[in-house]
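Below you'll find the structure, written out as structure tokens, and then a few comments.
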Amino acid sequence: MIPILFFFFAAVAIASGIMMIVHRNPIYCALFLILTLFAVAGLYVLLNAPFIAAVHIIVYAGAIMVLFLFVIMLLDLKSETSRQRPGGLPRILSIIMSGVLLAELVLFLRSGTANLPLVEGDLIIGSTKEIGNLLFTEYLFPFEITSVLLLSSIIGSVILARLKLK
Amino acid sequence: MVEGIGIVLLKLAFVLLFVLNFGGLLTWVERKQSALMQDRIGANRASIFGIRLIGLFHTIADAVKMFTKESFRPVAAEKFLFTIGPGISVFFALVGFAVIPFGDVLIIGGKEINLQLAPLNIGVLYLFAVAGMAVYGVVLGAWASKNNFALLGGLRASAQMISYEVALGVTIIGSLMIYQTVELQEIVRWQGGTLWGWLPKWGVLMQPVGFILFLTVGIAQSKRVPFDAPEGESEIIGYFLEYSGMGFGMYMLTDFVETVMISAITVTLFLGGWQVPYLMADGFHFPWGATWQLENWAVALLQVGSFTLKVMFFLWLQMTIRWTLPRFRYDQIMRLGWKYILPISLVNILITGLIITLLK
């Protein structure tokens with residue numbers, strides 16, 4: 001059962017990822033990205049990490065993508081009528097970046113997954129309790145740093161929005 | 001294996017019928033209760049062979065009308081998204097019920113059946129995820145209509161839903177701190193004990209502030225009066241402006257299903273879910289020492305009945321609120337959410353944490 005579900009979610013994730021890139025209507029691109037997020041969340045559940053799956057949906061699909069859709073709808077972006085290829089520096093940069101990603105992927109696949117540690121039994125890695133305990137004991141410092149970072153960005157955005165008003 | 005699938009299907013059918021029947025009946029309750037409160041007679045014309053049954057047949061008449069009416073689609077509309085918009089809306093309203101426990105374990109022929117569709121160990125988080133997705137049905141339907149008034153309605157709706165989603169999460173953290181779990185069945189079991197030997201240990205007594213805030217936010221989430229600025233059918237027009245027939249019907253159904261959902265979550269988190277006071281797994285244990293032994297099936301029946309009754313109470317309460325308060329203005333809704341409910345719930349978390357630490 002689990003292999004079937006894995007291939008299902010993986011296929012959906014890859015297919016909608018590709019559709020997100022090639023579709024011409026920005027609204028549909030955003031919706032395909034949401035579908036990808038859902039498929040990845042399904043993979044998290046299969047990996048016994050339900051907490052990460054839920055947070056993944058809440059944060060990315062439930063909050064960030066809604067804002068994406070908002071912006072696209074309010075700006076009323078039209079579908080691309082012609083395929084424009086970026087030239088010059090963006091083109092070179094994107095070629096280099098995708099080349100690096102491809103090299104990483106190939107290297108990872110060649111090294112094989114056999115060296116990775118195997119998890120035995122019915123271990124729940126991502127249980128809410130475990131993650132909470134780890135966050136507030138071992139990883140307290142990074143956790144607090146992240147909170148301060150987020151707080152400062154919230155204050156920054158409020159100040160920027162206020163400046164525009166005057 | 002086959003037996004297991006059969007049990008799951010039975011539970012699925014029970015939950016779906018429970019929710020959809022309540023959702024359908026609410027259309028009748030809404031008419032009749034508003035009539036009662038406004039000193040009118042209310043819906044009583046629909047009849048089958050002269051039997052009127054205090055207007056109950058209006059529910060069926062509604063359904064027949066919705067199904068047979070032309071589903072009109074504007075020429076400019078985005079075909080695909082316009083069609084699936086209402087479906088997305090109903091889907092995410094319904095799947096939330098998967099984690100709501102309807103009762104404790106029922107034992108049939110030595111097999112223990114957990115009266116909950118999906119015992120997820122992330123229960124409450126799952127509910128948040130589903131509630132967060134509800135906004136898509138509204139936004140997509142509004143945008144796909146290609147009507148500026150619908151789009152404005154959709155923007156009002158999504159701004160309200162996103163704002164109150166933040167408050168929704170913060171209001172119940174206090175209770176989760178007390179229960180020490182996010183699994184809904186565990187939360188209900190925790191509320192089974194008594195305080196000082198006689199008072200049921202329900203969440204509403206532990207978190208009175210959290211309870212009132214959660215109920216307010218819940219009603220705001222379901223976009224009903226007094227928080228119906230996104231819809232306001234008759235004056236400011238809402239996101240489903242271009243929908244007719246079944247599309248409109250599904251958006252309305254979503255509202256009613258969400259009303260049932262809010263009642264069910266409130267009951268589960270704050271009113272002991274399926275708990276009946278003093279009822280244990282083997283029968284009643286009254287605080288004055290008397291006991292009344294009961295079979296397992298009777299206990300399960302009482303529990304499901306108790307859950308249903310409590311849900312009905314909150315449906316009645318929401319309807320009463322709906323027909324008592326006038327609609328809030330948009331800026332009032334936003335101010336209430338961000339400037340009152342959110343800070344009060346943060347203080348509530350602080351005080352709850354302080355008390356838990358002191359009691360340890």
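Reminder, nothing fancy here: chain letters follow the sequence lines and each chain counts from 1.
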Quick check: are there more than 12 heavy atoms from other residues, nucleotides or ligands sitting under 6.0 Å from [atom1] of [X]?
X       : atom1 : value
Y340(B) : OH    : no
F68(A)  : CZ    : no
N148(B) : CG    : no
Y28(A)  : OH    : yes

Check your understanding: Which one of G169(B), A129(B), A131(B) has the most heavy-atom pairs closer than 4.5 Å to chain A?
Key ->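 So the answer, after comparing G169(B), A129(B), A131(B), is A129(B).
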Exercise for review: Among the options E165(B), E78(B), Q180(B), pick out the one with the most heavy-atom pairs lying under 4.5 Å from chain A.
Suggested key: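 Looking at each option in turn, the highest pair count goes to E78(B).
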Point to revise | Contact check, side chains of P50(A) and L120(B), non-hydrogen atoms, under 4.5 Å | key: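 No. Closest side-chain heavy atoms not under 4.5 Å.
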Review point. Is there side-chain contact between T128(A) and T181(B), with at least one heavy-atom pair below 4.5 Å?
Key: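 Heavy-atom side-chain distance check fails, nothing below 4.5 Å.
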Review point. Under 4.5 Å, heavy atom to heavy atom, which residues of residues 54-64 of chain A contact chain B?
Key: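 Only A54(A), I57(A), I58(A), A61(A), G62(A) of residues 54-64 of chain A have a heavy atom under 4.5 Å from chain B.
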Practice item. Would you please test I34(A) and Y136(B) for side-chain contact (heavy atoms from CB on, under 4.5 Å) and show each step? Key: CA-CA 10 Å; I34(A) 295 167; Y136(B) 280 107; 3.3 Å; yes
Could you look at [X] and say if it's the side chain, the backbone, both or neither that has a heavy atom under 4.5 Å from chain A?
X       : value
E183(B) : neither
V139(B) : both
L155(B) : both
L125(B) : both

Check your understanding: Measuring from W143(B):CH2 to L69(A):CG, what's the distance to the nearest 0.5 Å?
Key ->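 It is 9.0 Å, given to the nearest 0.5 Å.
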**Study point:** Distance in Å, L31(A) CG paired with I88(B) CD1, rounded so as to fall on 0.5 Å steps
**Key:**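 One gets 7.5 Å once the value is rounded to the nearest 0.5 Å.
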Point to revise | Which residues share a salt bridge (Lys or Arg N to Asp or Glu O under 4.0 Å) with R189(B), sequence neighbours left out | key: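 Salt bridge (Lys or Arg N to Asp or Glu O under 4.0 Å) list for R189(B), sorted by chain: D104(B), E186(B).
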**Study point:** CA sep, side-chain torsions, deciding dist, call: M73(A), L140(B), side-chain contact (heavy atoms from CB on, under 4.5 Å)
**Key:** CA-CA 10 Å; M73(A) 285 175 182; L140(B) 289 178; 4.2 Å; yes
